Amino acid sequence: MGSASEAGRVSEQRCVVAVDGPSGSGKSTVSRRLAVALDGRYLDTGAMYRAVTWAVLRDGIDPADAESVAKIADNVVLTVGTDPRDPHISVDDTPVDGPIRGPEVTAAVSPVAAVPAVRARLVAQQRQIIAAEPRIVVEGRDIGTVVAPDADLKVYLTASEAERGRRRSLENAADLAATVADLARRDKIDSTRAADPLRRADDAVVLDSTELGIDEVVARLKTLVDEATRR
């Protein structure tokens, strides 16, 4: 990690860090820890798409019905907490932090997130949240390319397919083969959708976390932030 003087220097200026990458690459854990290290805020954009998906399923809407899904996204009120030590999200004042991580939402989130009207609605809200914070780490799949193209630092965090599957299966206590297949399914949908597909920004730093521990990844990112804020 950087020295106390470096941490102080970073904390005195505005800083937006965009962290993109495929499922299971460690974005959430790493981004939260980096936000704490920077004394900043944290935004999980994926949780917002999951929250809309939860509302779609709550209302009995087919996730493949793009028009109806778009109406749900327009009408729900998402409240997003950005404290990296205790992030939270609510839909119409109902906390959904647990339910949005369940298998039903996970299975349906990619088609919901592929609806252009949903993306337009949530990207606008994400940009408002980013603009309101002096220092924030934002993670997702289109942060460096769409949501915050002017971020001070863009990182594309990845890992081998096998390692990503192992991590996610341990996290969810799920079958490894089924988890790997589900990650591949979601990544294919997200990287081939017409609106804001998952891809690495041209000026993003690629960091492969396959052989790295969480502390090592956070330390490397903190160094990159320090370098970026010196420019």
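Everything quoted here is computed from the prediction, not taken from an experiment. When a residue number appears, it is its place in the shown sequence, counting from 1.
A side-chain hydrogen bond (donor to acceptor under 3.5 Å, both in side chains) check over residues 122-134, counting only residues at least two apart or in different chains, returns the pairs R121-Q125. For residues 52-61, the salt bridge (charged side-chain N to carboxylate O under 4.0 Å, His left out) pairs, not counting sequence neighbours, are R58-D92. The list of salt bridge (charged side-chain N to carboxylate O under 4.0 Å, His left out) pairs with a residue in residues 81-90, not counting sequence neighbours, is empty. A salt bridge (charged side-chain N to carboxylate O under 4.0 Å, His left out) check over residues 45-56, counting only residues at least two apart or in different chains, returns nothing. Evaluation of the salt bridge (charged side-chain N to carboxylate O under 4.0 Å, His left out) test over residues 22-33, restricted to residues two or more places apart or in two chains, returns R33-D215.
Residues S23 and R141 have side chains that bring a donor and an acceptor to within less than 3.5 angstrom of each other.
Applying the side chain to side chain donor-acceptor pair (under 3.5 Å) test to E104 and every residue at least two apart in sequence or in another chain returns nothing. Taking V137 as the reference, V17, V19, S31, L34, A35, L38 meet the side chain to side chain contact (heavy atoms under 4.5 Å, CB included) condition, with sequence neighbours excluded. Taking the side chain to side chain donor-acceptor pair (under 3.5 Å) definition, one finds that S209 meets it with R167, sequence neighbours left out. Remark: S68 engages D65 in a side chain to side chain donor-acceptor pair (under 3.5 Å) (not counting sequence neighbours). With sequence neighbours excluded, no residue forms a salt bridge (Lys or Arg N to Asp or Glu O under 4.0 Å) with D202. By the side chain to side chain donor-acceptor pair (under 3.5 Å) test, R220 is found to be paired with no residue, residues two or more places apart in sequence or in another chain being considered. When the side chain to side chain contact (heavy atoms under 4.5 Å, CB included) test is applied to A70, the partners found at least two apart in sequence or on another chain are V115, A117.
Tested against D142 for a salt bridge (Lys or Arg N to Asp or Glu O under 4.0 Å), the candidates R200, K154, R119 yield a single pass: R119.
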